[in-house]
J.: 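Here it is: the structure, laid out below.
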Amino acid sequence: MRHVLSVLVENEPGVLSRVAGLFSGRGFNIDTLNVGPTLEKGVSLMTISTHGDEQIIEQIIKQLRKLITVIKVVDLSDTRAVEREMVLIKVHASENSRAEILRIVDIFRCKVVDVSTDELTLEVTGDQGKINAIVNMLQRFGIKEFARTGTVAMKRSMQL
Amino acid sequence: MELTGAQILLESLKQEGVQHIFGFPGGAVIDIYDELPKSSIQHFLVRHEQGAVHAADGYARSTGKVGVCLVTSGPGATNTVTGIATAYMDSIPIVVFTGQVPTALIGNDAFQEVDIVGITRPCTKHNYLIKDVRELAHSIKEAFYIASTGRPGPVLVDLPKDVMQARTEFEYPKTISLRSYNPNYIPNRKQVKKAANLLAKAERPLIYSGGGVISSEAGEILTRLARRFSLPVTSTMMGLGAFPGNDPLWLGMLGMHGTYAANMAVNNADVLLSVGARFDDRVTGKVNTFAPRAKIIHIDIDPTSIRKNVNVHIPIVSDCLNALKTLDEEMGEIESVQWEEKHGDWVKTVKGWCREQPLKYETGQSGKIKPQYVLEKVYELTRGEAIITTEVGQNQMWAAQFYKYHKPRTWLSSGGLGTMGYGFPAAIGAQVANPDKLVIDIAGDGSIQMNIQEMATAVCYNLPVKIIILNNSYLGMVRQWQELFYNKNYCATCLDTAPDFVKLAEAYGAEGHQVDKSEDVVPVLKKVFASPKTCIVDIRVEPEENVYPMVPAGASLTEMLLV
């Protein structure tokens, strides 16, 4: 099963290597990995999406907690969480296809961030399902470049 | 007052109570060596850096204190890796200081530069590259704290040359707290109560103890608990010595080369109390047939050990000492159970297995010396009072089986990593820490050659370590597997070219003896144990003797090959 882990770490040299090395050394999977600084100085947040059976996920979480530079690990799959990913897609857009691409942009509520005579660059934000859906829709026009952030996620404040 | 990095290092070691370090100098650490003579710390010069780490490891295992070594950058650092990995697998507290090229040169492929922090990341509990002399004292404090607390382990501190030369005000931190590292020493009382109740209901309980009992100094309470509630005890190889090997409740080691009684008991137990052990594959055999009838209570300070290999009914994350103390209290409060009476039949059954299939060996017609016989005699002559270290392979298994360990920290052996060449340098470390004790390395003719250069170290410091080589002219354990599972294809296991160990000992200024006849074993051992010198005893044993019982790799514990 897919799990999204929120991992708070000390932002010091080698911390990414410690986490990545743990996954590779123990044969765990990383599907996506996102790292960035938090508002607290010296602390970074990693969001790791991974998959495995219950026992594997339990080991991943415990092993992460065992790293001296890891401050906190939360499995966001245990709770309701907001999950987002952003991609930039450079898609081939000829005179004939441009209008249809813009309709798709509308439907998916994404943004055009760059334009040229035969290309459009789109910024899409959403969960994995939405990203995969728009990719499917755009593939026939010809996707020239594709950059994906990997999942970032956060627990919802109230369980409504 | 301002001190240099080198001075701060030595001053910090003093503050940590370090008296002895093992090391080997080089360009990157020469500033530290320059300060060393002014310090109260005694340095032992080894002949290879791997020896330094194993010596620090043996020092740590035999005392419980943190072992320390100091080596130079590049090859000095990489030579420590096997020793570090050995300590990591067996959770041994050591701190390894490595030299590093000056910070300005890091990343430039400078002379004797290696990214040792990168290399050792997966085999240290934690490691540091000190880039600023102002971080030095604090990082050393952290290193010792991390190495010795929680589940202990090796910590490496990489010291660039310019940091050792730079100056700063020295103040050693008195305490330390890390927001991301807080090992849990105290068991959850509710869990312990549950465990006590489960044990009260048990008909066939068994204690399976491991190295954690030794590192948390819980041997005494384990022994008390087992005797008080009539619980038979088996242990992993790492756990030998925590429970007296001459106690009637002792079943011997379990696992691949465990005793018949121990493996049968695991197979039949209805409650398994696992303390400070991690269900390693050499212990469990085929994991889904391990302890098939048992509910499992698992006490371990490391949460990752729990449910890593087997499912556990009652997990208790705690220091073994505190957990066993609490369990002893909780079980003591259960008045309705007459423990001795309740477990009487079960104890009788397991003792029956001990009698039915004790550890034994064929005395044979060849007239050759049996290695097991040597171990029995070593035990008798030392009355179990010696510190035994081992190399790895058949020598290690016979030493685990045929010598009875009475006390914790008298058995030092590379369990997890299985490092050939461990035993001799570890014996040097143990002898430094225990100058009045008899320290014996049980070796094979193969593994002793992996760190034989440390003979110079032992002789140089008058360390009267005794090396007993069970010489079968084979890499015996691999040969045994080839015999049993590979149609006797003895590829690359025959060591018919070997040095004359007696001459070798003498060449180093030590004492050497060769023994070819069984009747000479005892007189030579007596002489050697009384000698004040480093000694090698080359005992020519039955070449194709096997270690039994043996559970083939991947088989269930009950599928033992017996003598």
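Numbers restart at 1 for each chain; the letters A, B, ... are given by sequence-line order, proteins then strands. Quick note: numbers below take in every heavy atom, side chains included, and nothing from hydrogens, waters or symmetry partners.
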J.: Applying side-chain contact (heavy atoms from CB on, under 4.5 Å), name anything that partners B:K295, two or more places apart in sequence or on another chain.
T.: B:L198, B:H313

J.: Return the option, out of B:L178, B:T304, B:D302, with the maximum number of heavy-atom pairs under 4.5 Å with chain A.
T.: B:T304

J.: Nearest heavy-atom pair of A:E10 and B:S180: which atoms, and what distance?
T.: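 Minimum heavy-atom contact is OE2-OG, 4.2 Å.
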
J.: So do A:R18 and B:N127 actually touch side chain to side chain, heavy atoms under 4.5 Å?
T.: yes

J.: Sub-4.5 Å heavy-atom contacts with chain B: which residues of residues 68-76 of chain A show up?
T.: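 Within residues 68-76 of chain A, the residues under 4.5 Å from chain B are A:I68, A:T69, A:V70, A:I71.
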
J.: For B:I146, is it the side chain, the backbone, both or neither that has a heavy atom under 4.5 Å from a heavy atom of chain A?
T.: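 Contact with chain A: side chain only.
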
J.: So do the side chains of B:R179 and A:V43 get within less than 4.5 Å of each other, counting heavy atoms only?
T.: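 B:R179 vs A:V43: side chains touch.
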
J.: Is it true that A:E12 and B:K131 make a salt bridge, defined as a side-chain N closer than 4.0 Å to a carboxylate O?
T.: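 No.
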
J.: For chain B, find its close neighbours in residues 49-61 of chain A: heavy-atom separation under 4.5 Å, sorted by number, or none.
T.: A:E54, A:Q55, A:E58, A:Q59

J.: Return the minimal non-hydrogen interatomic distance between A:K62 and B:I306, and the atom names on each side.
T.: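 Answer, listing the atom of A:K62 first, then B:I306: NZ-O, 2.8 Å.
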
J.: Using heavy-atom distances under 4.5 Å, tell me whether B:P122 contacts chain A through its side chain, its backbone, both, or neither.
T.: neither

J.: Take a 6.0 Å sphere around CG of B:N108 and say whether it holds more than 12 heavy atoms from other residues, nucleotides or ligands.
T.: yes

J.: Contact part of B:N311 toward chain A, heavy-atom cut-off under 4.5 Å: side chain, backbone, both or neither?
T.: neither

J.: State, yes or no, whether a side-chain contact exists between A:K66 and B:P303 at a heavy-atom distance under 4.5 Å.
T.: no

J.: Name all residues meeting the side-chain contact (heavy atoms from CB on, under 4.5 Å) criterion together with A:E123; count only those two or more places apart in sequence or in a different chain, and write none if there are none.
T.: A:M86, A:L88, A:K111, A:V113, A:T125

J.: Within a 6.0 Å radius of atom CZ on B:R134, are there more than 12 heavy atoms belonging to other residues, nucleotides or ligands?
T.: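 Atom CZ in B:R134 is not crowded, with 12 or fewer foreign heavy atoms closer than 6.0 Å.
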
